[in-house]
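As the structure is a prediction and not an experimental result, all values here were calculated from the model.
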Number of protein chains: 2
Amino acid sequence: MVPKLWNETIEEHRRAVREAILDTTWTLVTERGLASVTMSQIAEKAGIGRATLYKYFPDVEAILFAWHERQITRHLEHLAALRGQPGEAGERLEAVLEAFALVSHRRGSHGVELSALLHRDERVAQAQQQLLDLIRDLLAEVAQTGDLRDDVTPEELANYCLHALTAAGNLPSTDAVRRLVTVTLAGLRPQR
Amino acid sequence: MVPKLWNETIEEHRRAVREAILDTTWTLVTERGLASVTMSQIAEKAGIGRATLYKYFPDVEAILFAWHERQITRHLEHLAALRGQPGEAGERLEAVLEAFALVSHRRGSHGVELSALLHRDERVAQAQQQLLDLIRDLLAEVAQTGDLRDDVTPEELANYCLHALTAAGNLPSTDAVRRLVTVTLAGLRPQR
DNA sequence: GATTTTCATAGACAAAATGTCGCTGTCAAT
DNA sequence: ATTGACAGCGACATTTTGTCTATGAAAATC
């Protein structure tokens, strides 16, 4: 799993080992379930000594934190790119929300499982906050155009959006995800 | 923690021990976090022998499953009672959704944490399904009155509701929870 | 009322997992 | 070429786990 001899620089090597640990751990979690994953198993499957593993992470939870942080960061980059594109604020909002819903849909109930479990972690919470900020700011933009209800703050609406869209994890088809986005957006519009 | 001598019937005693195990485990989880909770700790804190604990539950995960099942059952009874009261379908829907949101609000992020983690369990999934069914049926009733959008099935709308309302766990005040319910309901109404 | 059966409890043991220390060998800087 | 830094891992003490068995109290039977 991990190159035995260091062909690259040492820093690059450490990064590669770290990645391998993260991937291996995630594989084990999806295969055997969360509770049965041990440091011993991870080390063996990753092809490194158990003591070495402890040089990288203090325990299984820390590995899962790191894995989840990596996931969130990737998704954040994706969503930030969508948000930064040219166009109407309303359209960009829809694009971002749909992208988030599709991510939730792909990872199914597994991802939700962990994201909830790991909420307590400092860095994960921070990444989640960035996600919330991104939506909040976009909602504030939409508010400028008058296409947003004004009886609830963008902050609270962003919180509503993220939770509502995690429902995509339970849906069977991408069509259903589309409908979910539509419904969620309907909650945001100004009320007569 | 647990009565040493059996003053009650034996069945009653077992139930009491079981409850004590559930409560103790939950206390430990909230105090020290999920990963650090062991069967040894639980047995010690509950005041029973470790081997005895294994007669009740095979591992920590099973205890958490049971705890969560108990929680869901309690909430289900509460919500079912609200649903069965007399009155307009729309009003009962609002009452049920608000009650669910308040439950999510009270347990904060902790409860959500676990409810997600434990989704894989058979019985918990079943209980969650009952919750979904309850909302779905109520939504179908509302549909009869024409106060529900008809481009999405009650099934999917129920899924949307439950997830959107778990956002209450992140909210600071019950006023904010009220607003969340309002927004969520807005997503359900027929679109012009 | 005496007995037998049932079963809750916990002591004890083996196996597994954990966390750490120290030695070995490689990389990088001087 | 020498040396400091550090990745890797063997090995040990400790903790946790899972199970087996003995003890004794409650319930059932006679």
Side-chain angles (χ1 to χ4, degrees), chain A residues 1-67 117-118 121, chain B residues 1-67 117-118 121:
Chain A
M1 194 97 198
V2 176
K4 219 60 177 184
L5 284 222
W6 308 343
N7 298 328
E8 328 94 358
T9 169
I10 199 166
E11 186 181 1
E12 192 62 27
H13 171 76
R14 265 192 79 84
R15 206 193 54 77
V17 173
R18 204 186 122 97
E19 296 287 305
I21 293 172
L22 262 45
D23 295 338
T24 300
T25 302
W26 180 239
T27 303
L28 281 173
V29 166
T30 52
E31 277 176 359
R32 312 190 182 186
L34 181 51
S36 69
V37 177
T38 67
M39 292 291 273
S40 303
Q41 278 182 7
I42 295 168
E44 189 180 3
K45 185 145 187 173
I48 62 179
R50 198 173 55 83
T52 304
L53 179 56
Y54 277 95
K55 294 266 189 173
Y56 284 82
F57 297 100
D59 51 36
V60 178
E61 212 177 88
I63 301 180
L64 292 174
F65 282 160
W67 181 89
L117 163 67
L118 301 173
D121 180 67
Chain B
M1 194 98 196
V2 176
K4 219 61 177 182
L5 281 224
W6 308 341
N7 297 329
E8 327 93 359
T9 167
I10 200 165
E11 185 181 2
E12 192 61 27
H13 170 75
R14 268 192 77 86
R15 207 194 52 78
V17 171
R18 201 187 126 98
E19 296 287 306
I21 293 172
L22 263 45
D23 295 338
T24 300
T25 302
W26 181 241
T27 303
L28 281 173
V29 166
T30 52
E31 276 176 0
R32 310 188 183 186
L34 182 52
S36 68
V37 176
T38 68
M39 292 291 273
S40 302
Q41 279 181 8
I42 295 168
E44 188 180 3
K45 185 143 185 174
I48 62 178
R50 197 174 57 81
T52 304
L53 179 55
Y54 277 94
K55 294 271 185 172
Y56 284 83
F57 297 100
D59 50 37
V60 177
E61 214 177 86
I63 301 180
L64 292 174
F65 281 159
W67 181 89
L117 164 66
L118 302 173
D121 181 66

- Message: Counting only side-chain nitrogens and oxygens, does A:Tyr56 get under 4.0 Å of the OP1 or OP2 atom of D:dG8?
- Response: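 Answer is yes, contact under 4.0 Å.
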- Query: B:Ser40 side chain N/O closer than 4.0 Å to the phosphate oxygens (OP1, OP2) of D:dT17?
  - Reply: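 Yes, B:Ser40 has a side-chain N/O under 4.0 Å of OP1/OP2 on D:dT17.
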- Query: Quick one: is the NZ or CZ of B:Arg14 closer than 6.0 Å to the six-membered ring centre of B:Tyr56, and within 45° of its axis?
  - Reply: yes
- Task: Round to a whole Å and report the spacing from NE2 of A:His13 to P of C:dC27.
- Result: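 Nearest whole value for this atom pair: 10 Å.
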- Message: Does A:Thr52 reach a base, just sugar-phosphate, or nothing at all? Heavy atoms under 4.0 Å.
- Response: base
- Message: Are more than 12 heavy atoms, taken from residues, nucleotides or ligands other than A:Glu44, located less than 6.0 Å from that residue's CD atom?
- Response: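 No, CD of A:Glu44 has 12 or fewer neighbouring heavy atoms, counting only those of other groups under 6.0 Å.
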Minimum-distance nucleotide (side-chain atoms of [X] versus [options]):
X       : options                : value
B:Thr38 : D:dT16, C:dA10, C:dC21 : D:dT16
A:Tyr54 : D:dG8, C:dT20, C:dT9   : C:dT20
B:Ala51 : C:dT9, D:dG10, C:dG11  : C:dG11

- Verify, without hydrogens or angle tests, whether A:Ser36 (side chain) and A:Arg32 (backbone) share a donor-acceptor contact under 3.5 angstrom. yes
- Task: May I ask you to verify whether the side chain of B:Arg50 and the base of D:dT16 hold a donor-acceptor pair under 3.5 Å?
- Result: no
- Of B:Arg14 and A:Pro58, whose closest DNA chain C nucleotide lies nearer the 5' terminus?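 It is B:Arg14, whose closest nucleotide lies nearer the 5' terminus.
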- Query: Between A:Lys55 and A:Gln41, who's closer to the 5' end of DNA chain C by nearest nucleotide?
  - Reply: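 The 5'-side residue here is A:Gln41.
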